[in-house]
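Numbers here simply count residues along the sequence, with the first being 1. What you see below is based on every heavy atom in this structure, not just the backbone, and it leaves out hydrogens, waters and symmetry mates. These figures come from a predicted structure and were not determined experimentally.
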Amino acid sequence: MTWSSHIAIPETIKPEIILGTEATISPASGAEVPFKDGTVYTVNSKAGTTKQYTLKIDFRQQEPSAWTLAGGETYRKGLIQKKTNPARGGTYAIDNLWLSFENTRVYFVSATDETEYTAEIIYMGSPTVTPYTEYGIYYFLPENMPVGMYDLRIKNGAYTLQNTNVDNQYKISVIEPDTFNTANYGFPVTKQTGETLEVRGGMMNTVTSVELYLNSNATVTYPVEIVSTTSYRAVLKIPAGIPAGTYDRMRFKRGAATSNFAYTVTIK
């Protein structure tokens, strides 16, 4: 069975199978089966012979284009990373991706010992809203990934992509965040009092307090509870007492330092 990889993939299918005169088949023609390799069909002919056929899905995937970089890169943990094609069709940028999360893996291979670390994909496809402003794939580095030198690879369906410039593979330097930063991701959200939300970024464990407020009335703020932090994320709780409504800013305080972040939270 053939299936275009650019068509939405169902969980099940109902194959219609044409049989010879008085032959029978199990599972029956039109029966719902999983959309994956392995379903075995048993055909019994009028003469009493039996033959089995195994369902195999043949994906017809267009070969995606990889990127070409003539030098190394530096990635900071906790921040959104991406491989994109700003112009769509550019010679040296990623393109023709099969936009399937289930069939895509972004991972890094250590230059030291070839250990693989799988990234968290957060978006694939064409531009929509900030921060997804270019066609491509967006992801977070895995938190358990040590600092060091790596090669980036993207397995997309039947193909595995990496820098086409072989001399510059294994030249991605992964480092810890060196300044406080919030990742433009994970909002808008709707919460009730007592519920939690998560903010991603760098050096989040330096935060000492967080406030919600409206940009149009920045002098009226409402503190939220810090449940937990790591260098790469903060879990915050909406306490009782915050009036219902939509707030479009967060203020992160770190001692004497303050950072304001456009992050929309609607409280019911």
Side-chain angles (χ1 to χ4, degrees), residues 75-84 99 101-102 104-107 117-134 136-145 174-268:
Y75 290 179
R76 286 170 173 78
K77 296 174 68 174
L79 305 184
I80 296 175
Q81 309 297 336
K82 62 184 180 180
K83 269 286 170 273
T84 61
L99 303 180
F101 279 73
E102 294 80 7
T104 302
R105 178 188 178 217
V106 176
Y107 64 104
Y117 296 90
T118 300
E120 175 191 351
I121 301 173
I122 57 175
Y123 183 80
M124 294 175 62
S126 297
T128 54
V129 295
T130 302
Y132 316 122
T133 56
E134 300 170 345
I137 184 166
Y138 296 73
Y139 54 91
F140 284 114
L141 300 180
E143 294 185 11
N144 67 336
M145 184 180 184
V174 172
I175 65 174
E176 294 289 347
D178 48 11
T179 58
F180 176 79
N181 209 315
T182 46
N184 199 353
Y185 164 79
F187 62 93
V189 293
T190 298
K191 297 291 181 179
Q192 296 183 352
T193 56
E195 293 185 328
T196 60
L197 58 88
E198 184 177 275
V199 179
R200 307 284 281 268
M203 297 182 67
M204 301 300 293
N205 55 348
T206 63
V207 174
T208 53
S209 65
V210 183
E211 299 170 338
L212 281 176
Y213 66 99
L214 273 170
N215 189 45
S216 60
N217 188 13
T219 59
V220 179
T221 63
Y222 299 94
V224 298
E225 178 184 340
I226 300 174
V227 176
S228 64
T229 61
T230 69
S231 184
Y232 319 115
R233 67 180 74 203
V235 177
L236 309 174
K237 183 178 179 180
I238 306 298
I242 296 184
T246 297
Y247 302 87
D248 60 3
R249 292 292 189 276
M250 277 191 183
R251 180 171 292 144
F252 294 89
K253 295 183 178 181
R254 308 173 317 282
T258 298
S259 297
N260 300 324
F261 180 36
Y263 192 110
T264 300
V265 181
T266 298
I267 299 177
K268 293 294 189 179

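Contact of the T182 side chain with the M250 side chain is not registered, since no non-hydrogen atoms from C-beta on lie closer than 4.5 Å. The side-chain heavy atoms of N260 and Y213, taken from C-beta on, include a pair separated by under 4.5 Å. Taking the side chain as every heavy atom from C-beta outward, V265 and F187 never approach each other to under 4.5 Å. Considering only heavy atoms from C-beta on, N205 stays 4.5 Å or farther from V207 through its side chain.
Under the side chain to side chain donor-acceptor pair (under 3.5 Å) rule, Y232 has a single partner from E143, K77, R76, which is K77.
Here the straight-line distance linking atom CD of E198 with atom OH of Y185 works out to 8.0 Å at 0.5 Å rounding. One finds the CE atom of M203 at 10.5 Å from the CG atom of N181 (value rounded to the nearest 0.5 Å). Rounding to the nearest 0.5 angstrom, the gap separating the OG1 atom in T104 from the CE atom in M124 is 3.5 Å.
Using the six-membered ring where Trp is involved, F261 and F252 have ring planes that are tilted, between 30° and 60° apart.
With N184 contributing its side chain and P131 its backbone, the two residues share no donor-acceptor pair below 3.5 Å. Between the side chain of Y263 and the backbone N or O of G186, at least one donor-acceptor pair lies under 3.5 Å.
Between Y132 and Y123 the shortest heavy-atom distance is CE2-CB, 3.4 Å.
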